[in-house]
Structure formats: C-alpha cells, structure tokens
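We name chains A, B, ... by the order of the sequence lines, and we start the count at 1 in each one.
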Amino acid sequence: MKYNPHALEDKWQKFWEQNHSFQCREESSRPKYYCLEMFPYPSGKIHMGHVRNYAIADVVAHFKRMQGFNVLHPIGWDAFGLPAENAAIQHGTHPAKWTYDNIDHMRSQLKRLGFSYDWSREIATCDPEYYRWEQLFFLKFHERGLLFRKQAPQNWCPRCNTVLANEQVVEGLCWRCDAVVEQKELTQWFLRITDYAQELLDDLEKLEGGWPERVIAMQRNWMGKSVGAEIRFGIERSDKFLPVFTTRQDTVFGATFMSIAPAHPLLDEITAGTGREAEVAEFAARIRKSDPKEPDGEAQEKEGVFTGRHCINPFSGERMPIWVANFVLSGYGTGAVMGVPAHDQRDFEFAKKYSLPIRVVVQPAHLAPLDPVLMTQAETEAGLMVNSGEFSGLHSEEGKVRIADFLEAEGLGKRSVNWRLRDWNVSRQRYWGTPIPMVYCEKCGVVPEKEENLPIRLPRDLAVHPDGRSPLPESPAFYECPCPKCGGKARRETDTFDTFVESSWYFARYTDPVNAEAPFDKEKIAYWMPVDQYIGGVEHAILHLLYARFFIKALRDSGFIPKLSGMDEPFANLLTQGMVLKSGSKMSKSKGNTVDPSEMIDKYGADTVRLFCLFAAPPERDFDWADSGIEGAYRFINRIWRLALELAGKVPAIDACAASPADAASPKARALRQKEHATVKKAGEDISGRFQFNTAIASVMELVNLMYLVKDELLADEGGKRVLGSSLFTAITLLFPFTPHICEELRELLGSPLPLTERVWPVYSEKALGAEKITIVLQVNGKLRGKIEMPADEDEEIVKRAALDDPHVQKHIQGLDVRKVVYVRDKLINVVAG
RNA sequence: GCGAGAGUGGCGGAACUGGUAGACGCACCGGACUUAGAAUCCGGCGGCUUGUCCGUGGGGGUUCAACUCCCCCCUCUCGCACCA
C-alpha cells in the first residue's frame, strides 16, 4: 500500500474534529498550559513563515498534552487594519468582505495543515462581539485618566492618510509604505503608557530566562530611561527660565552656551528684540521641515544660529549665548540642552564650528591634564571635578549627587528622570478599525459613550475613498448621535483605534471567547493566564509585545484582570522564530521568490511540509527553503511508512518502551532496545528543554535507520518481534507532535486502539540506556591514539591496565615517563607522559 | 557609537555541565535489484604530503584534554541611535 497523504490526512482531521480532540476547558485535576502563536493577519493566504510558526507551536502543544498538561492552543484573526482597506480599494470590494473571505480561505488552509487548535475559541477582532469589550476598556481607561486627548505635532503618513505611533516610524519613514513621515499638528487620543514606564522596565527582570535576551534589550533600549537633573537657566532681560535636562549635571560649570530646538516654544520670545528675528525664523523653519536623517541614516552636520540673547549659568555666573541648533530634539527632555563642549561630543563639534568657548571641568585621573586648545574630541569619562567652584576636587560621580542636592536646596532645579518612551497615540484616521467610543457635544464637550450603548458598531455599508480617506466623517448615519450626557445633538468621534489595540488583549479573550456578559470571566483568566509559551516573529519585539505588556497592566489596574501573582505579565516565555528565506532573502511577492504552502501540501501532504519546517533548522534561526530538503523529509516519512507496513501483523501491537530485557535476548535486539530508550530520552529533552526540534527528529531517524538494519534478524523470534513492535511504536509516538496524521494512521494500522491524542509521552528506563560494551577512547597527551572495547562500568584499574598495554598507546609512550593517567568513566583514558 | 547574536565539510546543521569534531539530512559517488530508468535497500563521503598527520574566523592563554572557558583582534547579521 502506497503512502497517500491526502486521504489519510483528511481522515484524521475529520476524526479530531468529530471527537473534539483539542477542545479544552478549565480543570483542577491537571496543570494548565497555554501555548500561543501570534495570530495571523488575514492578508489573503498562509505563507511559509506562518507554517513554520504554527508547526513549532503545534509541537509544543502536542508535547505538553502528552505530558499530561491541560493545554489551551487557540487561533484567531487580527482582522482590522489598513492593508485590508488598501486591498479592498484595489479589488473594488469592501474591507469586511475582503477580510472575511480571506479568513475563510486561510482557515481552510490551517485546517489542511492539521494543527491542534481549539477551533471553538476562534475569534476575529473585527467582530463587534470582540471590539465591544475594547470600547468598554477605553471608557474605563478614560475614567481613570489613562486615555486622554492631546494636541501635539504628530507623525503623519501622507500616503496612508493617517497618524502613526512613534513605534511605527522607522528611520523617518512609515513602517507600512515607506513614505516620508511628516509632522502635523493634530488633536488625538493617547494612552498614558508612560505612567507604566517604570513598571514595564522593572518587570523585564521577571522575563529574564523566559524571553530572548535581545528582545528584553530592545525593549529596555526603546524605553530609554535616563536619570539626571533638570536645571533652570535664567534668561537675560526676562523673567523667564530655560529648563534643561541633563544626565551630566556634574559638568554644569563647563556649560558655555545654550542650544534649543527649532520648535522650542520660547524661541520667538527669546529672539524678539534682538534684531536677529528674520534669520532665526528662517533657520528654524528650514530645519523643522527637513528630515533629521540623511538618506544613508547618518546624522546631519551640526548647524545652528545665534538668537542674539543670553542666559546665565547659575553655577559659574557666566553669560551663555542661546543658539538654535538642528541637533536638539523638541520631543525629548525640555527641548533645550546646555552646551558642555569639553565633555559632550555633539557640543564639542558645535563649539568648534562656531568658535564657542570650551572649558574643561572634569579631569579623568589616568589622562594628562586636558587642554581645550589641543582637544580633538570631547572627553566623556568620569574623573575629578575642576574649575567647578566649591565642587572642585570631588569625583564627578559624587558631584552628580552634590549638584543635584544643591539644585534642590537652592530651587535652581531638581532631580529628574527622562524616558524615550512616548505616550501611545491610538487614533487613526482610517475606516477599518474599532470606533472610538467618544462623543463631542457643543454644550458638554468631550463625553464618553454610555456603557449600555456599546458596541458602537462600525457601519459595514460605507466605501473607503480611493485615496484611503475614511468615509466615517462624511456619514451622518454614523456620526450623528445624541449627547450621552445632555441628550442634545452631538457628533461621534470618527477616528478609529490603532489595530495594535486589538492585538494587545486577544490572548485574554481566548480564555473565554464567547462570553456575552464580560470580556472574560475572572476565574477563567486567572486559570489560564499567563501564556506559558508565546511564539512569533521578532519583528514584534517592540510594538506588539510592549503594548500587550502595558495593556495587561492597565486592565489589571482597571479591575478587569484580578490582581494575582503571575498576572502582571502576559507572556511568561517567548520564542522568536526565524524567517523562512528563499535563495538567501526573505520570501516576498515583489521578489517573486515565494513558496506556496498549499502547493507543497498538494505535492507532499501536510505532515511532510510540517516536518521539513521543523527539521531544516532550530526554530530561532532563519533557514533557506530548499526543494531538495523537503524531498528528504518526504523520503523519511515514506521510509517509516514502509517499515510499519512491512512489520504490521508480524510484530505485536505493544506500547512504546514495552519490550522487556527478557525479550532482548540477542545482541541486536539489546542494541535496538537500548536505542529505543535513548531516543525517548533524547527527543524528550530536545523538545522540552531547548526546542531543538531538528535534533529530536534526527534522533528518531537514527532509531528508524537502526530498525531497518536489524529487522530481518529480529523477526526470527518472539522476543525480537516484541522489541521491534515496541521500537516502532516508540518512533510513531515520538513523531506524533511533528507529523500527527501519518502517526495516527500507522497506530491504527498496527492494531493499537487508543488514539495518540489520548496517549502519554513514553517513559524510558534508566537501566535500558546502558550499553554492555563501551568504547573507551585512548589518548596520549590529549591526542587520540586508539580505542578499546570494555564492558560498561569496568573497574578503573583494569581499564587503565588495558589502556597502557594497548599497542598504539605503547608506541607513543615509548621512552617516556608516564606521569599521570586520567580516567573518565566509560569514556576515555588520557595518558600523560613526558 | 550603544545593545544582542553568529562565524564548524560542497550545503542545512550536530557535539548537553570541557572528554572520539562533523550526529541527522541534502548533494555527490559506488554496489544490489531491474531489459533499462525511477523508486527502494546497502555502503562511501572534511583536507592532504595517508600520518592515527592537519583541521571548528585569526592570534595568545588556562587545562591531562578546548568548537566549548579567559584575553585580544577580524568578519557578518539584527535592533536602536544627534536621547542631552
């Protein structure tokens, strides 16, 4: 009988569906395990990256089930978003139709791959039954001041016709379409993620060990905490102050000029009456418009103009000219920087260019006395404070503390912490998203929608403008509404939420996906959360993972999620899988180097596609798709198929690891039994400990290879048949998480009634692992000189004697004194001679 | 510049807390079967000067023993970056 993957895969997929094999609910008798992959965006069809991601997760889910865990393994759709709109415009259809059609198609693709999802928990974020809870969260967030409106310059993508969060601007370009992002003054809704900055930073420690080091580093980096001080500089002929943020308050005596951002709010006031208004305004306007980055990502040359006014250094009493400079960011710190050329490289370059004074105030102990005239770059190291009045002589680290004390005592400033992290702009001027449940009333102002009016449904009968503009602001049927407070005529918010909002809590909804009374039951969420293993691409290292971490904390503090230990972080363990490449570069439609999973399934079947994705490389690493590689996986599947067919009926249908030592009478039977148990050990360790699926599969291949070599001899007697039957069953059981369909088919074919979905992971016996004969490696002075066979666990003296008598060893120690003999039990002898 | 990671056969990759470098697979070569091929089964497959010699990016070091630990350097990938 030839291996026909399609018929048998179809058969077992139906079987699992009819038997609800992967549905789960809360149980107290077994430990829970929540295995989750990042849910897909319904873009059209599944690509190889999805297959790899979900194949990895499916191994984990199956393995944990076999280990006795109550496993939650759900799937759903990240269904709102801009690409659906763009595609719908292109195809002359509606985003909703486009999205739901894609979901139908992709669902059928996932089902063909036979993943062990609990399909009864499937969700789509564009479903009002999903996003209504999100609207409820935001009412609560608004009540608590976590959601607020702010007018500020925003990142604006002219091509997508919408604002972007800071996280969505990559090197000045839109993360989606690569258009140059502009700054536009807008009033938008924000989530106060900065309120959680410290907790988000601190809790990264809880994730150490469970998350990849580099993802933790990226988040830490992104949040960018800086500890320093704010210092107020008085402006000459004015009662105003210029506050600056610095991490180097110890260098304040070296501040010889002041630089402010072109967009600084006090710029006009500072320049007024100096006669330099025109020049400064022109410069500021030019810089504000330009992209801060050169096309190659390099920083632009430092540039600035003098405003004509001075401020006073409160420490040195010196007059400091105030400059507008292109390198000062308006959005970080106070938008003003004290210029300390001797100890800051940017200030140094600026001072050199415009001949501003350079004063050394910190002298590192190991360097020759610094001379401003001779310096070619700033000296940023710590050292002894000099030219710093009463602070001279202190170490600069202590100086930081003393200066900060002084600032606070004299009212000149205060200790201060700055974050790179900005509040999260969640407003999007697009149609295909969750309506923001807010209303504008002429009398009452901004009024949150009433809870009982939720969900605010996104109308499905509107068409998106060809340029991507939202139809909502032109749809009275949507925006006209009574004021929730006074009942008068009011206008509904027509912006929608950033789609990252939906993906920030979907994993919580999976715990109770059809609840119509609440976003989720508190007991259910307490049972299932946190996600034990989260699996997805590293491209979400900052955006999604940071937002989701924030969201779960915000939900906790808003009373939606119980305050329990273990509920502060959504994802206890994170695996970032590598990309699937083709000919060395990322598969993409534009490059024309894609491999369609459906075509591969048509050709080889789902088991082969899954097996190859798992065998080609360890999960975290990128791998290059090779057509010859998948042929190899197919060959192996056929190999075990033929072996099982040959042995079916000839060997007993006994369980994995069921053959006894008595069955293994012959040396080959003993060798096979030992290999069988060793494979159980190796595969289990590789899967559970390190997600080394490639080596787990390799070990089963070795077992199968050995069975081929010994089967004819073992079929000669009953004991040998039992060892063969047991080993075959072990191979099938161990492969089940990787290639479930063929394994169930073979299990049935061998006459074993209990489905593999209900079986446990085999247990090996320590005793069975030991080989009788051991190869001892013989070394002389660390070099391999020979090998001898010895019974396992032989007496040390006997092994040493045998080693020294070995002719190869003899040859190499001739005429030398044997100084030492190192013995590693059952492994090697190293004779040290000289 | 800061942070993270990686350099091992023709290729993907093994080698767990230092102990036979190259498991397993791909490609290639040979044998068996076959009229022939495909498929399958069995075997070979780092290099050369064929020595139990040399080999894990390069150079030092620790050790009886180093892909593995320490120091220095080189190359590559990814993330962040005028953040005061």
Side-chain angles (χ1 to χ4, degrees), chain A residues 2 170-171 212-222 224-226 228 244-248 251 259 261 292-293 297-302 325-329 331-340 343-347 349-350 380 418-420 538-539 541-542 578 612 615-618 620-633 635-636 638-639 642 682 685-686 689-690 692 694-702 704-705 708-709 775-787 808 811-812 819-834:
Chain A
K2 203 168 165 280
V170 181
E171 294 195 349
E213 191 75 21
R214 68 172 177 143
V215 175
I216 293 176
M218 281 161 78
Q219 291 219 351
R220 193 170 281 140
N221 204 330
W222 182 262
K225 183 183 182 181
S226 296
V244 304
F245 172 73
T246 179
T247 56
R248 290 298 303 272
T251 64
S259 47
K293 287 282 197 323
E298 287 295 303
Q300 281 185 355
E301 165 137 10
K302 313 271 171 293
N326 65 341
F327 65 89
V328 182
L329 306 172
Y332 185 81
T334 62
V337 183
M338 65 177 197
V340 186
H343 305 293
D344 182 280
Q345 186 57 27
R346 288 167 311 225
D347 298 343
E349 287 168 29
F350 196 77
T380 55
N418 244 282
W419 297 84
R420 213 185 80 105
V538 74
E539 65 271 19
I542 295 170
F612 176 59
F615 181 63
E620 304 225 51
R621 224 182 287 194
D622 292 348
F623 83 84
D624 215 347
W625 182 271
D627 291 335
S628 58
I630 193 165
E631 287 281 353
R635 217 174 288 166
F636 171 66
N638 272 284
R639 197 165 148 84
R642 281 189 303 270
K682 168 101 178 114
E685 285 172 357
D686 285 354
R690 310 182 293 159
Q692 294 261 0
N694 53 334
T695 53
I697 294 164
S699 71
V700 181
M701 286 175 169
E702 286 183 56
V704 170
N705 289 347
Y708 263 91
L709 291 180
T775 304
I776 304 280
V777 171
L778 305 180
Q779 294 181 338
V780 176
N781 292 332
K783 293 201 188 255
L784 179 70
R785 297 301 180 197
K787 292 171 188 179
H808 295 294
K811 189 174 141 195
H812 284 93
R819 297 209 185 115
K820 192 170 157 191
V821 179
V822 180
Y823 174 57
V824 182
R825 192 208 290 193
D826 287 354
K827 274 229 167 95
L828 64 70
I829 292 277
N830 188 15
V831 180
V832 185

[X] [atom1] to [N] [atom2]: how many Å, rounded?
| X | N | atom1 | atom2 | answer |
| --- | --- | --- | --- | --- |
| A:Ile542 | B:rG79 | CD1 | P | 10 Å |
| A:Glu620 | B:rC78 | CD | P | 17 Å |
| A:Arg825 | B:rG19 | CZ | P | 18 Å |
| A:His812 | B:rU52 | NE2 | P | 7 Å |
| A:Leu329 | B:rA84 | CG | P | 10 Å |
| A:Lys827 | B:rG18 | NZ | C1' | 11 Å |

Can you list everything that forms a side chain to side chain donor-acceptor pair (under 3.5 Å) with [X]? Sequence neighbours excluded, please.
| X | answer |
| --- | --- |
| A:Arg214 | none |
| A:Ser226 | A:Tyr332 |
| A:Asp344 | A:Arg346 |

Taking atom [atom1] in both [N] and [M], compute the distance separating them and give it to the nearest angstrom.
| N | M | atom1 | result |
| --- | --- | --- | --- |
| B:rG13 | B:rA21 | P | 23 Å |
| B:rU56 | B:rU34 | C1' | 44 Å |
| B:rG44 | B:rG22 | C1' | 15 Å |
| B:rG55 | B:rG61 | P | 15 Å |
| B:rG19 | B:rU63 | C1' | 12 Å |

Hey, does the side chain of [X] come within less than 4.0 Å of [N]'s phosphate (OP1/OP2), counting only N and O?
| X | N | value |
| --- | --- | --- |
| A:Asn705 | B:rG25 | yes |
| A:Arg635 | B:rC26 | yes |
| A:Arg420 | B:rA81 | yes |
| A:Lys811 | B:rU52 | yes |

List in chain and number order the residues that pass ring-ring contact (aromatic ring centres under 6.0 Å, His included) with [X], two or more places apart in sequence or in another chain; answer none if no residue qualifies.
| X | value |
| --- | --- |
| A:Phe612 | A:Phe623, A:Trp625 |
| A:Phe327 | A:Phe350 |
| A:Phe615 | none |

Under 3.5 Å for both pairing distances: what stems, at least three Watson-Crick or G-U pairs long, include RNA chain B?
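Output for stems: B:1-7 with B:74-80, B:10-12 with B:24-26, B:28-32 with B:40-44, B:57-61 with B:69-73.
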base_contact_polar (B:rC80 base, A:Asn221 side chain, donor-acceptor, <3.5 Å):
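Checked by distance alone, the answer is no.
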Scan nucleotides 6-16 of chain B against the protein and return all N/O pairs shorter than 3.5 Å with their distances rounded to 0.1 Å.
from   : atom 1 : to       : atom 2 : distance (Å)
B:rG12 : O2'    : A:Ala616 : O      : 2.7
B:rG13 : O3'    : A:Asn694 : ND2    : 3.4
B:rA14 : OP2    : A:Arg621 : NH2    : 3.4
B:rA15 : OP1    : A:Arg690 : NH2    : 3.0

Check residues 821-834 of chain A and write down every donor-acceptor pair under 3.5 Å in which the side-chain atom is one partner and the other belongs to a residue at least two apart or another chain.
from     : atom 1 : to       : atom 2 : distance (Å)
A:Arg825 : NH1    : A:Asp793 : OD1    : 2.6
A:Asp826 : OD1    : A:Asp793 : N      : 3.0
A:Asp826 : OD2    : A:Asp793 : N      : 3.4
A:Asn830 : OD1    : A:Asn781 : N      : 3.3
A:Asn830 : OD1    : A:Gly782 : N      : 2.9

Toward the 5' end of RNA chain B, by each residue's nearest nucleotide, A:Gly629 or A:Gly331:
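Here A:Gly629 is the residue nearer the 5' end.
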Starting from the 5' end of RNA chain B, give me the residue, A:Asp344 or A:Lys820, whose nearest nucleotide shows up first.
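Looking at RNA chain B, the more 5' nearest nucleotide goes with A:Lys820.
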